[in-house]
Amino acid sequence: MDYNFKEIEKRWQQYWIDHQTYKVTEDNSKPKYYVLDMFPYPSGAGLHVGHPLGYIASDIYARYKRLQGFNVLHPMGYDAYGLPAEQYAIQTGQHPAITTEQNIQRYREQLDKMGFSYDWSREVRTCDPEYYKWTQWAFVRMFHSYYCNQSKKARPIEELVESFTQQGTKGLDAACNEPLEFTADEWSRKSEKQKQEVLMNYRLAYLGDTMVNWCAELGTVLANDEVSEGFSIRGGYPVVQKRMRQWCLRVSAYAQRLLDGLEEIDWSDSLKETQRNWIGRSEGAVMHFATSEGMGFDIFTTRADTIFGVTFMVLAPESDLAEQLTTDEQREEVQEYIERSKMKTERERMADKSVSGVFTGSYATHPFTGEPLPIWVSDYVLAGYGTGAIMAVPAHDSRDYAFAKHFDLSIVPLIEGCDISEESFDAKEGVMMNSHFLDGMTVEQAIPAAIDEVEKRGVGYRKVNYRLRDAIFSRQRYWGEPFPIYYKEGMPYTLPENELPLELPEVDKYLPTETGEPPLGRAKNWKTMEGYPLEMNTMPGFAGSSAYYLRYMDPRNEEALVSKEANGYWRDVDLYIGGTEHATGHLIYSRFWNKFLYDLGVSCEKEPFKKLVNQGMIQGRSNFVFRVQGTNCFVSYNLKEGYDVTPIHVDVNIVHNDVLDIEAFRNWNPEYQDAEFILENGKYICGWAIEKMSKSMFNVVNPDDIIDRYGADTLRLYEMFLGPLEQSKPWDTNGIDGVHRFLRKTWSLFYKGGKLLVSDDEPTKEELKAVHKLIKKVSHDIEHFSFNTSVSAFMICVNELGALKCHKRSVLSELVVCLAPFAPHIAEELWYALGNQTTVCDARWPVWNEEFLKEDAFPYAISFNGKSRFVLEFPADATREEIEQVVLDHENSKRWIGDKTVKKVIVVPKKIVNVVI
RNA sequence: GCUCGGAUGGUGGAAUGGUAGACACGCAAGACUUAAAAUCUUGUGGCCAUUAUGGCUGUGCGGGUUCAAGUCCCGCUCCGAGUACCA
């Protein structure tokens with residue numbers, strides 16, 4: 001009986017389904033462990049060989065933990081709402097639910113073939129009403145919450161109403177869009193609508209006028225993390241800034257907690273750093289600058305120490321201040337400039353590094369010297385950060401410097417000895433000058449001293465600013481969660497919780513309506529709330545993925561997102577595996593979402609993902625053929641010098657080890673039917689390059705094909721063997737034979753010619769050593785996610801046992817259990833062959849015994865002055881003195897020592913004897 | 001510009017400061033075979049030797065610490081990823 005992976009894998013996959021092997025329930029007698037993959041968006045293209053990398057790693061870890069006796073939660077589901085299905089629907093009229101369902105089927109088929117140990121009874125789909133009921137529920141709760149800065153947590157909005165009724169805004173410290181002030185009396189006199197407007201200023205889910213990323217091609221707004229360099233991440237369409245009224249989540253209220261939380265989680269430094277940058281905490285001061293009309297405005301600065309170097313002020317074109325402060329003489333020019341910058345896309349604005357701006361005609365007063373400072377408008381100041389206005393210190397800020405040089409504004413240096421003839425001096429170091437009371441201080445001392453003075457004079461205050469902005473939460477799209485919101489007199493109200501879920505209605509087309517409303521405006525017979533209209537926007541992609549890890553704990557609960565019991569048992573994700581692309585999107589939003597639910601008492605942990613591992617990307621390895629210019633003749637890679645050739649991408653599936661399958665190539669494309677070839681050694685060798693894995697490069701490798709050819713166990717092992725998990729690496733099918741060969745060798749330890757070889761003889765010392773070396777190495781490697789070296793360890797062990805002709809049950813049992821997380825199908829089969837009646841999943845992870853690993857004699861490298869010369873063997877228990885003596889008496893040593901004197905002999909335990917001469 | 005990674009044979013990659021190149025691919029030679037494939041055995045960083053348990057050299061570049069450096073420290077070069085008018 002040969003290693004028939006096809007039959008084995010099919011049979012055990014069926015066994016696992018029939019016996020519900022991987023179903024888990026809460027079990028207080030066992031410690032829990034939660035291993036989670038970032039759930040996939042089921043795209044129409046199916047999985048390629050790069051997708052399962054993280055899933056394989058997490059499956060190995062989950063199986064390992066299970067063998068160690070943990071109760072392991074290892075679920076899977078689908079992030080099923082998304083743009084591609086909707087774009088496809090617009091083109092074809094096909095309902096996105098149908099394409100999504102088909103894609104999910106396809107994904108499931110592919111995933112099942114890989115032998116993952118998911119508990120599919122816990123599957124969730126974000127587009128399932130039973131699931132999104134809880135997405136809507138959380139939104140409703142956010143709507144009815146505000147953030148109290150004193151208690152640093154979300155509180156019910158009713159408490160705020162109560163406080164307004166009692167004392168107005170007195171003593172209020174809450175996160176808001178703009179600070180408001182009114183008395184209890186004024187509050188009570190407000191109309192219902194006015195009260196709602198005030199509350200909107202504080203809600204955690206609020207309707208706000210903000211600058212949004214508008215993507216005309218997609219017909220919707222996008223969050224910051226959905227835009228890269230002025231283009232939408234999905235589709236790559238241009239994005240422009242636009243002021244619109246949109247649903248927002250007050251993520252910014254949680255900025256400090258999101259920052260602090262990073263300290264207590266086990267994520268990579270680079271990912272934490274990315275999040276820190278995204279949150280962008282900066283300490284500084286807000287300062288008030290009065291204008292000539294007796295008005296004024298605030299600016300934010302981190303460099304309060306440079307206050308005496310301010311020579312002008314700059315406003316963002318989008319800022320309301322720009323129009324307010326413009327004098328009549330300048331109005332036309334300023335208006336024109338503002339219009340012009342509005343027209344620019346984000347992309348153009350970034351690409352255009354040239355200096356532009358226009359003078360408003362008005363002046364601000366320097367808060368210390370009283371000097372007039374001209375106020376300019378320029379697009380290098382952003383409306384969205386700080387207050388949308390800056391004090392310009394050209395000597396010590398490169399952007400202000402460029403602006404000052406361009407418009408010939410004065411530049412005052414403030415640091416002794418700095419050279420500002422060519423560029424500004426931006427470093428926060430040196431000794432202050434030209435700065436009155438700050439003169440002689442270092443920058444480090446001057447910053448707090450300046451702020452102290454600012455506060456003393458009442459012209460400003462200390463302020464911590466965050467770059468993190470509120471998440472824009474509406475999409476003018478069809479395929480997403482509807483908002484459980486209706487409008488009464490123009491103000492939004494939530495649907496009662498017992499009416500959830502508000503299901504997504506059918507529409508005749510997936511395009512906006514003729515009047516420009518989102519596609520939901522087309523819904524006929526959609527339920528209404530007492531005749532009031534419903535919100536027509538839908539929620540963004542990250543809505544459904546923000547709390548899915550909680551839902552897996554208790555996926556069929558109809559009363560709550562997750563029960564107290566289930567949440568109390570599973571608590572948080574112990575290991576989360578996924579790509580870095582979610583660093584500033586999903587991983588921020590779900591941390592925020594969890595913290596909100598923590599404030600509500602729904603989630604019992606402050607951080608959702610205790611440990612996070614980012615698997616690297618698997619790139620494609622493209623193959624090329626070289627067509628001789630103007631002919632249908634192709635020249636082999638090493639002969640192409642001397643020909644004028646055009647490299648052409650060729651499907652990697654008709655190339656094996658860079659050798660082209662010529663027949664397959666002829667059939668691949670009618671164009672090549674009569675192609676001729678210039679061969680080397682009778683073969684056509686292709687060129688290659690590392691590129692992104694994509695259809696257009698013909699380098700997509702489908703896991704189904706690999707499984708068909710080698711089996712899932714080989715694919716699993718090979719993906720791990722490819723290199724370190726966290727590193728990006730190209731897929732290269734060359735080499736997979738080695739891993740497959742290893743499995744066949746393992747098989748041959750059990751069977752020869754269809755006969756089972758297993759015996760019950762006592763294992764020898766060598767055999768025990770071989771297998772215990774493996775147990776130790778693999779245990780250690782799995783803990784450190786070093787799966788590639790584990791695979792090597794298996795190969796060494798099997799080679800050793802093969803050489804020893806070891807077919808002993810006790811030794812092979814331990815080998816099989818170690819192999820089970822990596823190659824579960826063959827492990828099951830061999831476990832059964834060993835006479836076990838249960839599945840290998842019920843086995844226990846073996847523990848190595850150091851006794852078996854001890855050496856009788858140990859080789860020491862003998863080196864002179866650090867250069868190794870030869871090797872001597874000593875008994876394992878040899879003392880340092882004995883070793884020294886033998887070394888000094890040894891003939892070879894005399895050769896090296898000669899007539900020189902020995903200064904020192906250093907015996908490094910178990911490794912080296914170094915003789916210093 | 002800033003932040004974080006990385007640089008080791010023909011290739012992917014191993015090395016708690018302690019015999020660099022594990023393991024695998026590829027390549028070469030041999031065995032089996034009418035032949036090929038598959039399989040097995042041996043060799044494989046480079047240079048020089050080969051009458052052998054031989055010599056020299058070697059982890060991007062330049063310094064340093066150490067008995068000992070791929071590994072630690074300082075200064076560069078190059079590559080990759082992320083991020084950016086963030087005041």
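Below, chains carry the letters A, B, ... as their sequence lines are ordered, and counting in each starts from 1. Owing to the predicted nature of the structure, the values given are computational and were not obtained by experimental measurement.
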Engineer: Please measure how far the C1' atom in B/U8 lies from the corresponding atom in B/A69, and state the result in whole Å.
Structural biologist: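 Result for the C1' pair: 14 Å, nearest Å.
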Engineer: Rounding to a whole Å, what distance do you find between A/Asp379:CG and B/C86:C1'?
Structural biologist: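 The answer, rounded to whole Å, is 15 Å.
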Engineer: For the pair A/Phe407 and A/Phe403, name the ring-plane relationship: parallel under 30°, tilted 30 to 60°, perpendicular over 60°.
Structural biologist: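 Aromatic pair A/Phe407/A/Phe403 classed tilted.
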Engineer: Map every base of RNA chain B to its dot-bracket character, where paired means a Watson-Crick or G-U wobble contact with both distances under 3.5 Å and | marks a partner outside the strand.
Structural biologist: (((((((..(((.....[....)))((((((.......))))))((((.....))))..(((((..]....))))))))))))....
Engineer: Please check if the number of heavy atoms outside A/Glu581 that lie under 6.0 Å from its CD is greater than 12.
Structural biologist: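 Counting neighbours around CD of A/Glu581, more than 12 heavy atoms of other residues, nucleotides or ligands fall under 6.0 Å, so yes.
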Engineer: Specify the separation, in whole Å, of atom CZ of A/Arg467 and atom C1' of B/C86.
Structural biologist: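 Those two atoms, CZ and C1', are 7 Å apart.
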Engineer: According to salt bridge (charged side-chain N to carboxylate O under 4.0 Å, His left out), does anything in residues 775-785 of chain A pair up with another residue at least two apart or in another chain? List the pairs.
Structural biologist: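 Every pair satisfying salt bridge (charged side-chain N to carboxylate O under 4.0 Å, His left out) with a residue in residues 775-785 of chain A: A/Lys776-A/Glu850, A/Lys777-A/Asp781.
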Engineer: Does B/U39 have OP1 or OP2 under 4.0 Å away from a side-chain N or O of A/Arg744?
Structural biologist: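 Yes, because at least one side-chain N or O of A/Arg744 sits under 4.0 Å from OP1 or OP2 of B/U39.
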Engineer: Looking only at atom C1', what distance separates B/A49 and B/G60, rounded to whole Å?
Structural biologist: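 After rounding to an integer number of Å, I get 31 Å for this pair.
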Engineer: Would you measure the distance from the C1' atom in B/U83 across to the matching atom in B/C72 and give it in whole Å?
Structural biologist: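 That atom pair is separated by 30 Å.
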Engineer: Between atom CZ in A/Phe874 and atom P in B/G18, what is the gap in whole Å?
Structural biologist: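 Taking atom P of B/G18 as the reference, CZ of A/Phe874 is at 20 Å.
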Engineer: Please confirm whether the shortest side-chain N or O distance from A/Gln727 to OP1 or OP2 of B/G13 is below 4.0 Å.
Structural biologist: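 Yes, within the criterion.
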Engineer: Choose from B/C85, B/G13, B/A68 the nucleotide whose nearest atom is closest to any side-chain atom of A/Lys729.
Structural biologist: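 So the nucleotide nearest the side chain must be B/G13.
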Engineer: Among side-chain atoms of A/Thr733 and A/Tyr710, is any donor-acceptor pair under 3.5 angstrom?
Structural biologist: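 There is no such pair between these side chains.
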Engineer: Give A/Leu722 one of three labels, base, sugar-phosphate or nothing, depending on what nucleic acid heavy atoms sit under 4.0 Å from its own.
Structural biologist: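 The residue A/Leu722 makes sugar-phosphate contact but no base contact.
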Engineer: Between B/U16 atom P and A/Asp781 atom CG, what is the distance in whole Å?
Structural biologist: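 Spelled out: CG on A/Asp781 to P on B/U16 is 11 Å.
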Engineer: Where does the angle between the aromatic ring planes of A/Trp731 and A/Tyr718 fall among parallel (under 30°), tilted (30 to 60°) and perpendicular (over 60°)?
Structural biologist: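 The arrangement is perpendicular - the two ring planes meet at more than 60°.
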Engineer: Does the pair A/Asp397 and A/Ser424 meet the rule for a side chain to side chain donor-acceptor pair (under 3.5 Å), with working shown?
Structural biologist: CA-CA 6 Å; A/Asp397 182 284; A/Ser424 59; over 6 Å; no
Engineer: Could you check whether any side-chain heavy atom of A/Asp305 comes within less than 4.5 Å of a side-chain heavy atom of A/Lys428, counting everything from C-beta outward?
Structural biologist: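 A/Asp305 vs A/Lys428: side chains apart.
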Engineer: In whole angstrom, give the distance that lies between atom CZ of A/Phe742 and atom P of B/U39.
Structural biologist: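 Computing the A/Phe742:CZ to B/U39:P distance gives 16 Å.
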Engineer: Which nucleotide in the set B/C67, B/A14, B/C86 lies at the smallest distance from any side-chain heavy atom of A/Tyr385?
Structural biologist: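 For A/Tyr385, the side-chain atoms sit closest to B/C86.
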Engineer: Provide the distance between the two P atoms, one in B/A20 and one in B/C25, to the nearest whole Å.
Structural biologist: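 Going atom to atom, P in each nucleotide, I get 25 Å.
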Engineer: Give a yes/no answer on whether the side chain of A/Arg399 brings an N or O atom under 4.0 Å of OP1 or OP2 in B/C86.
Structural biologist: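 Answer is yes, contact under 4.0 Å.
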Engineer: How close or far is atom P of B/A87 from atom CZ of A/Arg303, stated in whole angstroms?
Structural biologist: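 My rounded result for the distance is 11 Å.
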Engineer: Relative to the ring of A/Phe289, is the ring of A/Phe297 parallel (under 30°), tilted (30 to 60°) or perpendicular (over 60°)?
Structural biologist: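 The arrangement is parallel - the two ring planes meet at less than 30°.
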Engineer: In this structure, how many angstroms lie between the P atom of B/C4 and the CD atom of A/Gln275, rounded?
Structural biologist: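 Atom CD in A/Gln275 sits about 16 Å away from atom P in B/C4.
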Engineer: Hey, does A/Asn914 reach any base, or is it just sugar-phosphate, or nothing, if we go heavy atoms under 4.0 Å?
Structural biologist: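 Result for A/Asn914 = base.
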Engineer: Please determine, by modelled atom types, if A/Ser282 and A/Asn465 share a side-chain donor-acceptor pair under 3.5 angstrom.
Structural biologist: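 Short answer, no.
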Engineer: A/Pro724 near the nucleic acid: base, sugar-phosphate alone, or nothing, with a heavy-atom cut-off under 4.0 Å?
Structural biologist: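 A/Pro724: backbone/sugar contact only, no base atoms under 4.0 Å.
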Engineer: More 5' along RNA chain B: A/Thr584 or A/Ser728, using each one's nearest nucleotide?
Structural biologist: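 With A/Thr584 and A/Ser728 compared, the 5'-side residue is A/Ser728.
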Engineer: On a whole-Å scale, what distance lies between the P atoms belonging to B/G6 and B/C86?
Structural biologist: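 Here B/G6 and B/C86 have their P atoms 28 Å from each other.
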Engineer: Taking the C1' atom in each of B/G9 and B/U44, what is the distance between them to the nearest angstrom?
Structural biologist: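 Rounded to whole Å, the distance is 10 Å.
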Engineer: For nucleotides 19-30 of chain B, give me one character per nucleotide, 5' to 3': B if any protein heavy atom sits under 4.0 Å from the base, S if the only such contacts are to the sugar-phosphate, - if neither.
Structural biologist: B--BBSSS----
Engineer: Where does the angle between the aromatic ring planes of A/Phe5 and A/His740 fall among parallel (under 30°), tilted (30 to 60°) and perpendicular (over 60°)?
Structural biologist: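 Answer is perpendicular, since the angle exceeds 60°.
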Engineer: When the distance from CZ of A/Arg709 to P of B/A38 is rounded to whole Å, what number comes out?
Structural biologist: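 Distance, rounded to whole Å: 11 Å.
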Engineer: Just confirming the chi classification of B/G9, syn or anti, using 90° around 0 as the syn window.
Structural biologist: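 Syn, angle within 90° of zero.
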Engineer: Rounding to an integer number of angstrom, what distance separates B/G17 and B/G70 when you compare their C1' atoms?
Structural biologist: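 Roughly 11 Å separates the two C1' atoms.
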Engineer: Under 3.5 Å, is there a donor-acceptor pair linking the side chains of A/Tyr337 and A/Ser356?
Structural biologist: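 There is such a pair (donor and acceptor under 3.5 Å, judged by atom type) between the side chains of A/Tyr337 and A/Ser356.
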Engineer: With rounding to whole Å, what would you report as the distance between B/A7 and B/G43 at their P atoms?
Structural biologist: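 My reading of the P atoms in B/A7 and B/G43 gives 30 Å.
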Engineer: Need to verify one output field. Residue with the more 5' nearest nucleotide on RNA chain B, A/Gly723 or A/Thr302?
Structural biologist: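 With A/Gly723 and A/Thr302 compared, the 5'-side residue is A/Gly723.
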